[in-house]
Amino acid sequence: MAFNLVYKGPQLRGECWQQAVAEALPDANWFTWPDVPAPEDVDAIIAWTLPDKALKTFPNLKAIFSVGAGVDQLQPDTIPDSIKLVRLIDPSLTQQMQTYVLSSVMMIHRDHFLYQAQKAQKNWQQHKVALPHECSVSILGLGELGKAVAEQLSMLGFTVNGWSRSAKQINGISAFHGPQGLSDMLATTDILVSLLPLTEETRGMISADTLAKLPKGASVINAGRGEQIIDEDLLAALDSGHIQYAILDVFKDEPLPESHPYWTHPSVHVTPHIASITRNDTAGHRLAENLLRWQRGERMTGEVDKTRGY
Ligand code: NDP
Ligand code: OXD
């Protein structure tokens, strides 16, 4: 089967990926949206978000490839059963997420917020240093990214917990699942990290109720999706001192609006959705490998269960 592929996204990435696909599948036809001469012949779209009315414009679409690890922006529940939805799984995404979470955990664990504030006052004051095993890091989501992050932190000596929908056994990690599992895990957490996908179940789950189950002085890192946190609840918990610090990479509205209190809050560190960025040089090869699997009739890496939403 000679695939007809439509790419929607930045030009440089398109050129890199077109080349990677051409090397693996010389017969594939690559079009860059909106320049698509025969929309009825299109087999697959490669995009972050779909063009308007894509399902009508491309009536014979068989697959949609997200250019990122997440698919919430493609609204999985609106995509018909006949169309495969595929997310990006790439070791380069996993490695970036490991370094993002590790650096964020270290920022909290080694008191960099505190020393930054002391520096502003030229205050030379030493504080007790906790050892890694005295710091309990809990990861929400033990998928491609969460599991790798948990394993790395565990290797460095942190006490690591993880929470997922299904029960898991991971060496060196205390794994929890279900609502009671979440409550039990939160009660022993110093640093809570979200690496969950955004679904109807995870939207708003980091609420006042969830935060109240954390011990006083715990911190929050969010590299999942902004809508998992109820911002007002997190800000109230920070202001009351129940939550000590928040390191946030993802937001309900991106770019984060200038007027948002996160920008100026002394206990909040903001990064602009850079925890793990799709790479032009590696991800095109993952796409090409998946197209080859599809051509051979095999299951592709990262096929999404659209009813589950991830
Ligand atoms: P996966 O699909 O591999 O893993 C998702 C994990 O979340 C699984 O362990 C799953 O449980 C768990 N989960 C999902 N829903 C629930 C629920 N309702 N209750 C408990 N656990 C749940 O995803 P990835 O690890 O690849 O990516 C996770 C997310 O990270 C992405 O969806 C995206 O939003 C975000 N991301 C952010 C980036 C950034 O730069 N900030 C970059 C890349 C991704 P189970 O294993 O039981 O199915
Ligand atoms: C992704 C992201 O899902 O960038 O890849 O958040």
Side-chain angles (χ1 to χ4, degrees), residues 9-10 13 46-49 64-76 85-101 103-104 138-152 161-170 173 175-186 192-207 210 220-229 247-252 254-256 269-280 282-283 286-287 300-310:
R13 174 179 293 168
I46 301 138
W48 177 249
T49 54
I64 298 167
F65 293 86
S66 169
V67 303
V71 289
D72 50 288
Q73 74 288 354
L74 290 162
Q75 299 172 297
L85 176 60
V86 186
R87 67 197 196 83
L88 178 63
I89 295 181
D90 185 357
S92 71
L93 281 180
T94 310
Q95 285 180 329
Q96 290 177 71
M97 191 55 87
Q98 284 177 311
T99 55
Y100 182 85
V101 177
S103 58
S104 303
S138 297
I139 318 288
L140 299 172
L142 286 172
E144 281 300 316
L145 304 177
K147 178 171 179 281
V149 163
E151 287 174 336
Q152 187 192 46
N161 309 304
W163 183 72
S164 51
R165 182 204 287 265
S166 54
K168 302 217 186 289
Q169 268 195 318
I170 305 173
I173 286 135
F176 297 81
H177 69 282
Q180 187 57 48
L182 178 61
S183 297
D184 293 346
M185 183 179 84
L186 292 172
L192 182 69
V193 181
S194 177
L195 285 175
L196 286 167
L198 180 64
T199 66
E200 279 322 302
E201 286 176 29
T202 64
R203 189 184 305 278
M205 69 166 282
I206 305 180
S207 59
T210 306
V220 172
I221 297 169
N222 188 13
R225 284 289 182 263
E227 286 172 65
Q228 286 157 9
I229 290 188
I247 298 183
L248 308 173
D249 183 57
V250 284
F251 304 91
K252 182 164 167 286
E254 294 182 4
L256 183 65
H269 183 72
V270 168
T271 53
H273 201 141
I274 47 69
S276 183
I277 295 179
T278 297
R279 302 244 330 190
N280 293 349
T282 57
R286 303 295 86 77
L287 171 65
M300 290 185 272
T301 302
E303 277 191 35
V304 168
D305 176 341
K306 296 195 284 284
T307 50
R308 228 175 39 168
Y310 68 97

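Positions are given from 1 along the sequence. Remember, it's 1-based here, ligands and their atoms both numbered in the order they're listed.
Heavy atoms of R87 come nearer than 4.0 angstrom to ligand 1 in at least one pair. The shortest heavy-atom distance from L93 to ligand 1 is not under 4.0 Å. Residue Q96 places every heavy atom at 4.0 Å or more from ligand 1. In this structure, K168 is part of the shell of residues with a heavy atom less than 4.0 angstrom from ligand 1. Using a 4.0 Å cutoff on heavy atoms, T199 does not count as a contact of ligand 1.
Where the criterion is an N or O separation shorter than 3.5 Å, residue side chain and backbone included, Y310 meets it with respect to ligand 1. Polar contact with ligand 1: present for E144 (N/O pair, distance under 3.5 Å). On a distance-only criterion, L142 and ligand 1 share at least one N/O pair closer than 3.5 Å. The distance criterion of under 3.5 Å between nitrogen or oxygen atoms is met by L145 with respect to ligand 1. Among the atoms of D72, none of the N or O lies under 3.5 angstrom from an N or O of ligand 1. Residue G143 has at least one N or O atom closer than 3.5 Å to an N or O atom of ligand 1.
The ligand atoms of ligand 1 that sit less than 4.0 angstrom from a heavy atom of H273 are 39 (C), 40 (O), 41 (N). Close contacts between ligand 1 and R225 involve ligand atoms 33 (C), 34 (O), 35 (C), 36 (N), 37 (C) [criterion: under 4.0 Å to a heavy atom]. The V250 neighbourhood of ligand 1 comprises atoms 41 (N), with distances under 4.0 Å to a heavy atom of that residue.
Closest heavy-atom approach to atom 41 (N) of ligand 1 within the set V149, D249, T271: this belongs to D249. For atom 36 (N) of ligand 1, the candidate residues are G70, A223, S276; the nearest heavy-atom contact is made by A223. Taking all heavy atoms of I139, L195, L140, T94 into account, the minimum distance to atom 28 (C) of ligand 1 is reached by L195. When the options W163, Y100, F176 are ranked by their closest heavy atom to atom 19 (N) of ligand 1, first place goes to W163.
The distance from atom CG of L85 to atom CZ of F65, rounded to the nearest 0.5 Å, is 10.0 Å. Here L196 contributes atom CG and L140 contributes atom CG; the two are 5.0 Å apart, rounded to the nearest 0.5 Å. Here the straight-line distance linking atom CZ of R203 with atom CG of D72 works out to 8.0 Å at 0.5 Å rounding. For the atom pair I247 CD1 and N222 CG, the distance stands at 11.5 Å (nearest 0.5 Å). Here CE of M185 is found 6.0 Å from CG of L192. Values are rounded to the nearest 0.5 Å. The structure places NZ of K306 at 12.5 Å from CZ of R308, a figure rounded to the nearest 0.5 Å.
Using modelled atom types, no side-chain atom of W163 and backbone atom of L142 make a donor-acceptor pair closer than 3.5 Å. A donor-acceptor pair under 3.5 Å is absent between the side-chain atoms of E227 and the main chain of T199, judged by distance alone.
With salt bridges taken as basic N to acidic carboxylate O contacts below 4.0 Å, none links D90 and R279.
Looking at Y310 and T202, their side chains never bring a donor and an acceptor atom within 3.5 Å of each other.
A heavy-atom distance below 4.5 Å is not found between the side chains of V304 and L74. In this structure, the side chains of L88 and V67 stay at 4.5 Å or more apart for every pair of heavy atoms.
Applying side chain to side chain contact (heavy atoms under 4.5 Å, CB included) to M300 and the options L287, V86, I89 leaves one that passes, V86.
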Filter the ligand 2-protein atom pairs down to N or O on both sides and distance under 3.5 Å, then list them.
residue, atom, partner, partner atom, Å
ligand 2, 3 (O), A69, N, 3.3
ligand 2, 3 (O), G70, N, 2.7
ligand 2, 3 (O), R225, NH2, 2.8
ligand 2, 4 (O), H273, NE2, 3.2
ligand 2, 5 (O), A69, N, 2.7
ligand 2, 6 (O), R225, NH1, 2.8
ligand 2, 6 (O), R225, NH2, 3.2
ligand 2, 6 (O), H273, NE2, 2.6

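In this structure, R87 has no side-chain hydrogen bond (donor to acceptor under 3.5 Å, both in side chains) partners at least two apart in sequence or on a different chain.
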